[in-house]
Amino acid sequence: MYLFNTMGRSLQRFEPLHDHKVGFYGCGPTVYNFAHIGNLRTYIFEDILVRTLRRFGYDVTHVMNITDVGHLTGDDDTGEDKMVRSARERGSSVLEIAQFYTDAFFVDTQRLNINRPTIVCKATDHIQDMIDLIQRIEANGYTYFAGGNLYFDVSKFEHYGELAGLQLDQLKAGARIEIDPNKRNPFDFVLWFTKSKFENQALLWDSPWGRGYPGWHIECSAMSMKYLGEQFDIHAGGVDHIAVHHTNEIAQSEAATGHKWVNYWMHAEFLVLDKGKMSKSSGSFLTLQTLVDKGYDPLDYRYFCLGGHYRSQLSFSWEGLDQARAARLALVDRVVALKEAAGQPAHSLARPEQIGAAAKAYLQAFDDALSDDLAMPRALAQVWTMLKDTEIPPADALACILDMDRVLGLSLDAAEKREASVDAETVRWIEDMIRRRAAAKKARDYAAADAIRNELKAKGIQLEDRPDGTSWKLTN
RNA sequence: GGCGCCGUACCCAAGAGGUAAGGGAGAGGUCUGCAAAACCUUUAUGCAUCGGUUCGAUUCCGAUCGGCGCCUCCA
């Protein structure tokens with residue numbers, strides 16, 4: 001398969017370090033607030049990546065960090081501060097707050113059918129690993145101590161900025177922020193703080209450089225190497241990480257080990273609103289729960305994300321989400337219909353390799369799209385074209401779509417008539433109404449018949465007259 | 001100031017140097033007492049604008065306009 005590697009900005013054939021094993025590290029959430037749907041887009045992308053790699057036979061070890069140290073108390077946004085404050089008043093610790101948002105994060109990802117990473121690791125559980133790594137960097141001569149903090153000296157690292165295409169002399173340092181006067185070079189960054197820039201840094205640890213806390217980039221270097229080795233295959237995150245976070249991770253990691261660290265860098269583009277990216281400061285902070293509260297299924301949002309390529313900005317709108325929901329429900333209906341037509345339970349279906357040639361061609365096209373840098377929109381197009389191909393027997397189509405869903409992650413195997421959830425009493429009532437309407441129709445009293453139909457429709461029940469009688473369904 | 005991305009039908013969104021996937025929405029039709037559903041058909045001679053390269057560009061190059069991102073924690 002081919003993946004777009006930010007390092008080199010090109011499509012590259014994916015060759016894992018070790019045979020069929022893939023070491024994958026995805027930057028996880030900073031747990032001082034709820035994740036918003038823009039954040040979630042990136043995790044959906046990573047989920048698609050992992051599912052695709054596994055589909056193609058790789059044994060993936062997926063590591064994700066939980067950043068529960070750093071700027072937890074430095075967040076001066078107003079939104080959720082009361083959360084922190086009330087927790088403190090109740091005697092809760094910052095770590096308990098972190099745990100709260102970590103739990104919330106995994107509730108969201110689970111609702112989106114995002115597979116849990118193989119290893120989830122918290123920064124605060126790995127302080128010693130970070131200290132050990134910093135000492136290696138220090139021993140190799142890449143650091144200096146100033147103003148109470150230990151800095152990484154970017155001028156010592158020859159390839160600094162390669163990932164982002166940065167040329168230090170051309171950057172306008174401090175364009176948007178004041179330069180730390182302790183830095184020799186504006187792009188130097190802190191490995192270990194003893195002088196907090198926040199007044200009440202809550203978490204402190206002893207270290208060779210004094211009591212303090214780690215810099216913001218070191219945790220990813222330390223934890224990824226701990227679980228995946230000093231060199232591994234893929235590292236992913238949002239595009240915003242390219243210039244600073246990942247650039248600094250590379251510098252410190254390779255300064256410590258003296259060799260290449262990561263082979264493939266992948267970055268997901270932003271979900272954008274009319275006015276730009278989603279952020280707290282602009283007041284456009286939508287959580288998955290907000291969508292649920294408005295009546296959407298989390299998978300509507302997953303489907304929405306599947307509609308755009310991960311390397312393109314995706315514009316969010318309620319209209320767009322409505323369209324995704326309509327498409328997803330149509331897909332589910334289709335699968336339900338196929339199940340009935342195929343007349344057999346899903347588990348007894350043909351395995352992919354036993355599917356007929358016609359359907360198999362679509363499966364191949366689907367895989368081809370995935371292997372071309374995860375071209376989900378094209379893969380989705382194959383899904384629909386296959387489903388509308390009348391040449392394909394229902395059983396084949398069903399086996400095919402369920403196999404595709406191993407990557408789509410839309411829970412199509414669980415698709416069933418939503419009508420099954422209606423309670424028995426209501427069903428009896430509906431059936432009674434249908435009988436009364438049938439009688440009215442027989443008497444050619446269409447006004448009465450239509451009145452019954454309208455009454456049901458007002459309750460969200462749609463009647464459908466078929467050659468073999470009248471059936472009903474819930475309206476979308 | 002530096003770096004980068006994008007501008008495709010009513011909406012979302014693929015794509016490709018050789019004549020525009022898919023979904024949503026809309027329209028027409030079949031069916032129906034009428035609907036609904038389903039199915040069929042259909043909706044960009046056109047891909048921001050202006051130049052250039054080419055037998056040929058929307059796809060390559062340049063300029064312009066517009067939008068967005070990064071250079072600060074940030075998905």
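Labels below follow one simple rule: chain letters A, B, ... track the order of the sequence lines, proteins then strands, and each chain is numbered from 1.
Between A:L271 and A:L314, the residue whose closest nucleotide on RNA chain B is further toward the 5' end is A:L314. Between A:N39 and A:G165, the residue anchored closer to the 5' end of RNA chain B is A:G165, taking for each the nucleotide with the nearest heavy atom.
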Please list, pair by pair, any protein nitrogen or oxygen found under 3.5 Å from a nitrogen or oxygen in nucleotides 26-30 of chain B.
none

Can you name the atoms? Protein N/O to nucleotides 32-38 of chain B N/O, anything below 3.5 Å, with the distance.
unit_1: B:G33; atom_1: O6; unit_2: A:R437; atom_2: NH2; d: 3.3
unit_1: B:G33; atom_1: N1; unit_2: A:D450; atom_2: OD1; d: 3.0
unit_1: B:G33; atom_1: N2; unit_2: A:D450; atom_2: OD2; d: 2.8
unit_1: B:C34; atom_1: O2; unit_2: A:R453; atom_2: NH2; d: 2.6
unit_1: B:C34; atom_1: N3; unit_2: A:R453; atom_2: NH1; d: 2.7
unit_1: B:C34; atom_1: N3; unit_2: A:R453; atom_2: NH2; d: 3.3
unit_1: B:C34; atom_1: N4; unit_2: A:R453; atom_2: NH1; d: 3.4
unit_1: B:C34; atom_1: N4; unit_2: A:D465; atom_2: OD2; d: 3.0
unit_1: B:A35; atom_1: N6; unit_2: A:D465; atom_2: N; d: 3.3
unit_1: B:A35; atom_1: N6; unit_2: A:D465; atom_2: O; d: 3.4
unit_1: B:A35; atom_1: N1; unit_2: A:D465; atom_2: N; d: 3.3
unit_1: B:A35; atom_1: N3; unit_2: A:R453; atom_2: NH1; d: 2.9
unit_1: B:A36; atom_1: O2'; unit_2: A:Q462; atom_2: NE2; d: 3.3
unit_1: B:A36; atom_1: N1; unit_2: A:D465; atom_2: O; d: 3.3
unit_1: B:A37; atom_1: O4'; unit_2: A:E464; atom_2: OE2; d: 3.4

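Regarding A:E319, its CD atom lies at a distance of 8 Å from the C1' atom of B:C10, rounded to whole Å. For A:R311 and B:G4, the CZ to C1' distance is 13 Å, given to the nearest whole Å. One interatomic measurement links the two molecules: CD of A:Q382 to P of B:G15, which rounds to 13 Å at whole-angstrom precision. Rounding to whole angstrom units, CG of residue A:N248 and P of B:C71 are separated by 12 Å. Across the protein-nucleic acid pair, A:R378 atom CZ and B:G22 atom C1' stand 12 Å apart, rounded to whole Å. One atom, CE of A:M64, and another, C1' of B:A75, lie 11 Å apart when rounded to the nearest Å.
At a threshold of 4.0 angstrom between heavy atoms, the contacts of A:S312 are confined to the sugar-phosphate backbone, with no base atom among them. At a threshold of 4.0 angstrom between heavy atoms, the contacts of A:G38 include nucleobase atoms, whether or not backbone atoms are also involved.
Between A:Y213 and A:W192, the ring centre distance reaches or exceeds 6.0 Å.
Nucleotides B:C11 and B:G51 are separated by 32 Å at their C1' atoms, to the nearest Å. To the nearest whole angstrom, the two C1' atoms, one in B:U41 and one in B:G52, are 42 Å apart. Annotation: B:A75 and B:G17 have their C1' atoms spaced 36 Å apart (nearest Å).
A cation-pi arrangement is absent between A:R184 and A:Y151 under the rule of less than 6.0 angstrom and at most 45 degrees off the ring axis.
Listed candidates were B:G22, B:C74, B:G24. Nearest to the side chain of A:D240 is B:C74. Nearest to the side-chain atoms of A:P377 among the listed nucleotides B:C11, B:C70, B:A13 stands B:A13. Closest contact between the side chain of A:H245 and the listed nucleotides B:C74, B:G24, B:G22 involves B:C74. Candidate nucleotides B:C71, B:A14, B:C11 were compared by shortest atom distance to the side chain of A:A243, and B:C71 ranks first. In this structure, of B:G23, B:C71, B:A13, it is B:A13 that holds the atom nearest to the side chain of A:S315.
Evaluation of the salt bridge (Lys or Arg N to Asp or Glu O under 4.0 Å) rule for A:R55 yields A:D367, A:D403 as partners, not counting sequence neighbours. Applying the salt bridge (Lys or Arg N to Asp or Glu O under 4.0 Å) criterion to A:R41, with sequence neighbours excluded, gives no partner residue. Listed by chain and residue number, A:V427, A:R435 satisfy the side chain to side chain contact (heavy atoms under 4.5 Å, CB included) test with A:E431 (two or more places apart in sequence, or in another chain). For A:R444, there are no salt bridge (Lys or Arg N to Asp or Glu O under 4.0 Å) partners two or more places apart in sequence or in a different chain. Take A:K122 and apply the side chain to side chain contact (heavy atoms under 4.5 Å, CB included) test, not counting sequence neighbours, and it matches A:I66, A:D68, A:Q99, A:T124, A:D125. For A:K388, the side chain to side chain contact (heavy atoms under 4.5 Å, CB included) partners are A:R334, A:W384, not counting sequence neighbours. Under the side chain to side chain contact (heavy atoms under 4.5 Å, CB included) criterion, A:T470 pairs with A:I434, A:R437, A:L463, A:D465, sequence neighbours left out.
Residue pairs meeting the salt bridge (charged side-chain N to carboxylate O under 4.0 Å, His left out) criterion with at least one partner in residues 101-110 of chain A, sequence neighbours excluded, are A:D108-A:R111. Sorted by first then second residue, the ring-ring contact (aromatic ring centres under 6.0 Å, His included) pairs that include residues 311-335 of chain A, not counting sequence neighbours, are A:Y296-A:W318, A:F304-A:F316, A:F316-A:W318.
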Reading RNA chain B 5' to 3', what string of ( ), [ ], | and . shows its pairs, if Watson-Crick and G-U wobble pairs count only when both distances fall under 3.5 Å?
(((((((..(((.....[...)))((((((.......))))))....(((((..]....))))))))))))....
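How far CZ of A:R328 is from OH of A:Y301: 15.0 Å, rounded to the nearest 0.5 Å.
Taking 3.5 Å as the limit, the base of B:C11 and the side chain of A:Q323 contain a donor-acceptor pair of atoms between them.
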